[in-house]
Trainee: 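Okay, handing you the structure first.
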Amino acid sequence: KAKPPVQRDESAASSAYFSADEPGRSRTTSETEQRESATENGETRESAYFSADEFVDGAEDESAAQAAAAAEADAAVAAHKREKKRTRVIEELIASEKSYVASLQILVRVYIAPLRAVADAAADRGRIFSHEDLDLIFLNVELLLKVNGDFLAELEALEGPARGYAGRAFRSLGETVLGAARKMKGCYTRYVNNFEAASARLGKLRALRPEQTRYLEANEVSLEASRYLEVARSHPDAGGLDVSSFLIMPVQRMPRYRLLLSELLATTPDGHADAAPLDGALAQVSEVCAHLNAERRALEQLAELRALAARFAEEETVARDLVRYDRRVLREGVLVKARRAHRQQRHVFVATGVLLYAAPDQIGPAFRKLALKGRVPLERGTRVAKLPDTSETRNAFVVVDARGKGYTWLAAGPRDRDEWCAAIEAAIGAVPNGDDVLIAGAPHAVLASLPSKPIGRRRMLVQRGA
């Protein structure tokens with residue numbers, strides 16, 4: 001049975017024909033499709049890329065905002081802590097000022113006022129204390145009490161209504177402290193200058209004992225003065241503190257002010273209304289403290305000079321020569337004093353303005369002390385020179401005073417000679433000009449402006465601020 005003829009699909013054949021006979025066209029079409037697909041994919045990737053950048057930028061912005069917020073929070077905490085500390089310092093300043101003023105009031109009430117009344121006693125009843133003694137010992141304590149009492153009243157008036165940290169506000173504190181510092185500078189400097197002389201006079205009062213004579217030299221108080229001071233110490237308000245414990249308080253107060261003002265200034269923000277006045281007040285107080293420190297060093301040097309004078313059998317004579325504010329020992333040691341007939345070993349002290357030489361005291365009750373043999377004034381015009389070595393004198397130098405008298409000394413060696421010559425030259429160069437040197441323990445010139453006054457007159461002057 002014959003099979004029917006197969007019909008061909010022209011489109012399929014055509015497609016097959018082109019596919020088989022024109023492979024380049026087929027490939028071209030495929031590459032075009034691939035490129036289009038790649039382009040679409042690239043756009044997709046580029047879109048994804050921009051989305052990632054936007055995400056990173058957003059994350060960075062958020063991180064910066066968080067850091068700024070954290071820094072702002074830290075700054076707020078630091079400011080709160082600083083204000084908290086500042087408030088504590090102010091409260092400590094007020095509290096310590098209250099205690100200090102109370103102590104000055106006790107000093108006036110227990111010691112000064114009764115002693116002034118005793119000094120005002122009639123001559124026929126006897127006078128235990130004189131106004132001159134009290135002027136030297138207490139000087140301007142009543143004025144200090146007025147200045148600090150006013151300062152305390154101003155500080156307490158500055159405590160404002162309940163606002164700010166711990167319910168306190170302090171207005172115009174800087175100006176108040178600066179004004180008080182200006183007032184304190186002069187009166188506290190005078191007090192510090194007089195403190196050594198006051199302590200020396202008080203020491204003489206305490207040194208008295210019942211077995212000592214009841215009739216003392218001029219300007220000294222009687223034995224009853226020492227007993228009176230002991231009775232005043234037992235006053236309930238005194239708290240067992242003797243008068244010297246109260247007298248040292250003004251000296252100690254200035255360093256305390258400097259510490260408190262330094263802390264207060266450190267906790268006061270820049271640009272604060274109190275910053276500039278507090279800085280000025282700190283400068284005023286620091287100047288007084290610097291003077292106080294210099295005075296303390298001078299007192300320490302005086303104590304060393306007194307100890308040196310005590311090594312001599314002629315202690316009082318040496319003390320009058322050595323114990324001065326302008327004296328400072330530069331060198332001490334052993335030299336040989338050369339003379340034509342003989343040589344003598346001497347203990348030599350070089351101080352500013354004077355050279356003392358001594359020998360061990362071999363006789364008398366002052367055995368083992370030094371016996372003063374002579375002194376050489378090291379004043380302007382004194383010369384020192386090294387001498388050439390000879391067969392008999394080696395390491396020698398000569399000191400020629402302003403009147404032309406020479407003193408020849410032999411040192412232990414060349415270096416020792418050089419050091420002695422340098423010390424003597426320094427002692428000559430340190431001599432002050434003029435005769436304005438104060439003798440330690442003598443009343444200062446400031447006492448000339450403090451004549452003795454009856455207690456009523458003094459009270460009136462203090463109330464006026466004089």
Trainee: Under the 3.5 angstrom rule, does the side chain of S103 hit a backbone N or O of S99 as a donor-acceptor pair?
Mentor: yes
Trainee: How long is the gap from CD1 on I137 to CD1 on I112, to the nearest 0.5 Å?
Mentor: 10.0 Å
Trainee: Treating Y188 as the side-chain partner and L144 as the backbone partner, does any N or O pair qualify as donor plus acceptor under 3.5 Å?
Mentor: no
Trainee: Spell out, as yes or no, whether a donor-acceptor pair under 3.5 Å connects the side chain of T382 to the backbone of E379.
Mentor: yes
Trainee: Would you compute the distance between atom CD of E83 and atom CD1 of I90 and round it to the nearest 0.5 angstrom?
Mentor: 7.0 Å
Trainee: Look at the rings of Y407 and W409 and say which category their plane angle falls in: under 30° parallel, 30 to 60° tilted, over 60° perpendicular.
Mentor: parallel
Trainee: Indicate yes or no: at least one non-hydrogen side-chain atom of L136 is less than 4.5 angstrom from one of E132.
Mentor: no
Trainee: Output the distance between atom OG1 (T189) and atom CD (E287), rounded to the nearest 0.5 Å.
Mentor: 7.5 Å
Trainee: Going by heavy atoms in the side chains, are T317 and D321 under 4.5 Å from each other?
Mentor: no
Trainee: V354 versus F349: any side-chain heavy-atom pair under 4.5 Å?
Mentor: no
Trainee: Can you tell me if K369 uses its side chain to pair, donor with acceptor, with the backbone of A310 under 3.5 Å?
Mentor: yes
Trainee: Taking the basic N atoms (NZ, or NE/NH1/NH2) and the acidic carboxylate oxygens, is any pair closer than 4.0 Å for K98 and E156?
Mentor: yes
Trainee: Under 6.0 Å from the ring centre and within 45 degrees of the ring axis: does the NZ or CZ of R346 meet both conditions for the six-membered ring of Y357?
Mentor: no
Trainee: Could you measure the distance from the CG atom of L335 to the CD atom of Q345? Nearest 0.5 Å is fine.
Mentor: 9.5 Å
Trainee: With a 4.0 Å cut-off, would you call E419 and R415 a salt bridge?
Mentor: yes
Trainee: In terms of side-chain geometry, is the basic nitrogen of E196 or R306 positioned less than 4.0 Å from the acidic oxygen of its partner?
Mentor: yes
Trainee: What's the spacing between R375 CZ and L378 CG if we round to 0.5 Å?
Mentor: 9.0 Å
Trainee: Please indicate whether R109 has more than 12 foreign heavy atoms, meaning atoms of other residues, nucleotides or ligands, lying under 6.0 Å from its CZ.
Mentor: yes
Trainee: Looking at D279 and A275, would you say the former's side chain and the latter's main chain have a donor-acceptor pair under 3.5 Å?
Mentor: no
Trainee: E92 and K85: salt bridge (Lys or Arg N to Asp or Glu O under 4.0 Å), yes or no, with the steps?
Mentor: CA-CA 10 Å; E92 183 178 357; K85 184 176 181 180; over 6 Å; no
Trainee: Are the side chain of R339 and the backbone of Q344 linked by a donor-acceptor contact shorter than 3.5 Å?
Mentor: no
Trainee: Decide yes or no for L107 and L247: does some side-chain heavy atom of the first lie under 4.5 Å from some side-chain heavy atom of the second?
Mentor: yes
Trainee: Is it the case that the side chain of N140 and the backbone of C187 share a donor-acceptor pair, with hydrogens and angles ignored and the cut-off at 3.5 Å?
Mentor: yes
Trainee: Side chains of F138 and L115, heavy atoms from C-beta outward: is any pair under 4.5 Å?
Mentor: yes
Trainee: How far does NE2 of H272 sit from CG of L265, to the nearest 0.5 angstrom?
Mentor: 11.5 Å
Trainee: So L356 and L322, do their side chains get closer than 4.5 Å, heavy atoms only?
Mentor: yes
Trainee: Check D416 with R331, please: is the shortest side-chain N to carboxylate O separation under 4.0 Å?
Mentor: yes
Trainee: Is E304 salt-bridged to R327, going by a charged N under 4.0 Å from an acidic O?
Mentor: no
Trainee: Enumerate, atom names and distances included, each donor-acceptor pair closer than 3.5 Å involving a side-chain atom of residues 392-399, sequence neighbours excluded.
Mentor:
unit_1: T393; atom_1: OG1; unit_2: T390; atom_2: OG1; d: 2.7

Trainee: Take atom CD in E332; do more than 12 heavy atoms of anything else shown fall under 6.0 Å from it?
Mentor: yes
Trainee: Do V384 and W420 come within less than 4.5 Å of each other through their side chains, counting heavy atoms only?
Mentor: no
Trainee: So Y191 and M184, do their side chains get closer than 4.5 Å, heavy atoms only?
Mentor: no
